[in-house]
Structure formats: structure tokens, C-alpha cells
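Owing to the predicted nature of the structure, the values given are computational and were not obtained by experimental measurement.
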Amino acid sequence: MPADLDQVADELYALPRDEFTAARNAAVKRARQHDKELAEQIGALRRPSTAAWLVNLLSREHPDEVAALVELGDGLRAAQDQLEGEALRRLSQQRHEVVHGLVQQARALARSAGHPASEAVARELENTFTAAVNSSAAAQAVAGGRLTTALDPADVDGLPEQVAATPAARDDAGPDRDERLRRDLERARSAAADADAEREKAQGELTDAEHAADDAAGTLRELRSRIEAAEQAEHDARRRARSAQRDLDAADRAAREAQRRVRDLERRKQH
């Protein structure tokens with residue numbers, strides 16, 4: 001692939017989307033004067049979709065965030081290869097957070113450029129960043145900044161058609177790649193260890209809570225038993241009080257009757 005095509009493609013895919021076609025046609029016209037093959041290759045460069053343009057813009061203006069997405073994908077795949085479940089769960093959660101953050105950054109860029117992204121474009125952005133996590137080839141395409149359409153996480157086989165004039169691949173083989181993978185694996189293992197520690201802490205807290213619940217339930221049972229005993233004692237006392245009241249009423253009647261007889265007898269004696 002001629003080196004000049006890389007240069008032209010970089011310039012074109014860095015432009016605002018509405019300037020792409022005119023700039024491409026001008027580049028074709030210039031190239032045709034000295035290299036017809038290059039002119040044809042430039043003419044074949046496709047104008048990016050809105051989502052692709054935003055991803056390209058993000059990769060240029062926020063390369064560190066895109067690099068973090070790429071590294072996250074490498075870490076997920078390394079953890080998957082090692083069958084480290086806790087690390088996978090931890091990194092999967094991180095993936096959701098990173099992808100969401102990148103979508104919001106891309107939408108902010110769109111607003112700044114005067115072209116707010118629709119919900120449909122936002123979904124395409126999310127799909128593209130998710131594809132970059134799932135596939136190293138998709139990650140390279142996103143980082144390259146030359147997407148022509150959004151990516152589908154379930155199908156990255158069409159990447160050659162979705163990426164224009166793919167930049168010359170970096171040499172990822174050798175010690176640098178091995179060192180990067182080693183760091184990724186270390187991070188994944190560290191994340192797994194942290195997750196295990198959190199799980200043990202949560203288990204301890206659960207055990208303490210269960211013991212506290214058992215103690216509270218025992219106290220509640222004791223209190224209920226005391227309440228039941230107190231209610232029964234109150235019932236018995238009220239029953240005795242009613243019986244005593246009846247006895248008092250009877251005694252009072254008997255006393256009044258006795259006093260009446262006394263008065264009657266005294267009157268008879270006087271006569």
C-alpha cells in the first residue's frame with residue numbers, strides 16, 4: 001500500500017464529516033497528475049457514517065481513553081484464556097463503565113461540533129466500542145481512526161469493508177507484546193484477588209448479620225413469651241377481680257338486709 005495513501009487517509013478521516021467528500025475529490029484530482037493508481041485508491045475511500053466519524057474523532061482527540069479500551073479488551077481475553085471467573089466478572093463490569101464513558105465522550109464531541117448524536121447513533125457507538133473490547137481486530141480498527149461504518153459486536157468479519165486504508169499495523173509481536181500481555185494478566189489476577197477479598201469480606205459480614213438476626217429472633221421470641229405470660233396474668237387478674245366484685249356486691253346486699261332486720265326488730269321492741 002503506497003505510503004501516500006496513509007497520509008491522505010489520515011487527513012481525510014480527521015476532517016469534519018461534511019467536508020469529507022469535497023476534500024477526497026480534491027485529493028483524487030491532485031493524485032491523478034502523478035499516480036493514477038493512488039488516485040483510484042483515494043477515490044475508493046468511503047465517507048464515514050455519523051457513528052464512525054465520531055469514533056474516528058474520539059480516537060484522535062482522546063487516544064488515551066481508546067487505548068484503555070483496547071487494554072481492557074486484552075485483559076478480558078487473557079482472563080478468559082486463563083478461565084479466571086472472578087477477573088472476568090470484574091473486568092466485564094469495568095467494560096460496561098468504560099464503554100458508557102466513551103459513548104458519552106463521543107456524544108459530547110458531537111454536540112461541540114454542532115451535530116448532536118441521536119439515540120440510534122448512540123447505540124451504534126456502544127456497539128462499536130463493545131466490538132473493540134471483544135475483538136483485537138476491531139480494537140485496532142477503532143484505534144486507527146479510519147472507520148467508515150459502525151461495528152457489530154457479533155460480526156467483525158466485515159472489518160475490511162468497514163475500515164478505510166487500514167494503517168500499517170504496529171509490530172505487536174515479540175517482547176513488547178509479551179510484556180503487555182504479562183501486565184494484562186497481572187492486572188486480571190490482581191482484580192481476581194481483589195474480588196476474592198471482597199467476597200470473603202462480604203461473606204464475613206453476611207455471617208455476622210445472620211448471627212445478629214438469630215440473636216434478635218431469640219430476643220423477640222423471649223419478649224413474645226413474656227408478653228403472652230403478662231397477657232395471661234392480666235386475664236386471670238381481671239377474672240379474679242370480677243369474681244371479687246360479685247362477692248362484694250353479695251356481701252353488701254347481705255349487710256343492708258341485716259341492718260334492715262335490726263331496725264325492724266328495734267321498732268317492734270319499742271312498741
Side-chain angles (χ1 to χ4, degrees), residues 65 68-69 72 75-76 78-80 82-108 111 116-120 122-123 125-127 129-130 133-134 153-154 185-271:
E65 283 82 350
L69 181 73
L72 176 62
L76 272 168
Q80 189 171 17
Q82 297 294 323
L83 299 178
E84 296 182 348
E86 290 296 333
L88 277 173
R89 282 187 284 274
R90 184 72 170 268
L91 292 172
S92 294
Q93 177 61 35
Q94 187 179 349
R95 174 185 61 188
H96 293 306
E97 295 172 357
V98 171
V99 168
H100 176 74
L102 289 175
V103 170
Q104 296 309 310
Q105 282 186 301
R107 298 191 78 171
R111 288 192 295 271
S118 66
E119 291 301 320
R123 287 191 294 272
L125 289 170
E126 182 177 357
N127 286 339
F129 294 133
T130 301
V133 174
N134 295 345
L185 182 56
E186 286 181 354
R187 282 195 293 268
R189 286 175 173 167
S190 177
D194 290 343
D196 286 340
E198 289 295 328
R199 181 179 60 185
E200 291 179 2
K201 179 181 177 182
Q203 182 62 53
E205 292 175 350
L206 173 62
T207 300
D208 292 343
E210 288 176 342
H211 289 163
D214 290 341
D215 292 342
T219 301
L220 180 60
R221 286 192 297 271
E222 181 179 355
L223 289 173
R224 284 175 175 168
S225 177
R226 290 181 179 179
I227 290 172
E228 290 175 358
E231 288 176 344
Q232 183 62 44
E234 179 194 18
H235 175 75
D236 293 343
R238 291 188 182 281
R239 181 175 55 78
R240 290 195 300 273
R242 289 192 297 271
S243 178
Q245 183 65 51
R246 289 193 296 271
D247 292 344
L248 174 60
D249 292 343
D252 185 59
R253 288 193 298 273
R256 287 197 299 271
E257 179 64 21
Q259 289 174 359
R260 186 181 63 78
R261 287 185 177 182
V262 168
R263 289 193 297 271
D264 289 345
L265 291 172
E266 287 178 343
R267 283 195 298 269
R268 288 179 183 179
K269 182 178 179 183
Q270 291 173 356
H271 289 90

About how many Å separate [atom2] of [Y] and [atom1] of [X], when rounded to the nearest 0.5 Å?
| X | Y | atom1 | atom2 | value |
| --- | --- | --- | --- | --- |
| His100 | Leu125 | NE2 | CG | 12.5 Å |
| Asp215 | Glu210 | CG | CD | 12.0 Å |
| Gln203 | Asp208 | CD | CG | 10.0 Å |
| Asp247 | Arg240 | CG | CZ | 13.5 Å |
| Gln270 | Leu265 | CD | CG | 11.5 Å |
| Ser243 | Arg238 | OG | CZ | 15.5 Å |

query: Under 6.0 Å from the CZ atom of Arg260, do we count more than 12 heavy atoms belonging to anything else shown?
result: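 Yes, the 6.0 Å shell around CZ holds more than 12 heavy atoms from other groups.
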Worksheet entry | Step-by-step salt bridge (Lys or Arg N to Asp or Glu O under 4.0 Å) determination, Glu228 to Arg224 | CA-CA 6 Å; Glu228 290 175 358; Arg224 284 175 175 168; over 6 Å; no
Hey, are [X] and [Y] close enough for a salt bridge, meaning a charged N less than 4.0 Å from a carboxylate O?
| X | Y | result |
| --- | --- | --- |
| Asp264 | Arg267 | yes |
| Arg253 | Asp249 | no |
| Glu119 | Arg123 | no |

*Side chain Ser225, main chain Arg221, donor-acceptor under 3.5 Å*: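 Checked: no pair found.
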Which heavy-atom pair separates Ala122 from Val103 by the least distance, and what is that distance?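 The answer is O-CG1, 4.1 Å.
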For residues Arg261 and Glu257, determine if any side-chain heavy atom of one lies less than 4.5 Å from a side-chain heavy atom of the other.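 The answer is yes, as the side chains (C-beta and beyond) meet within the 4.5 Å cut-off.
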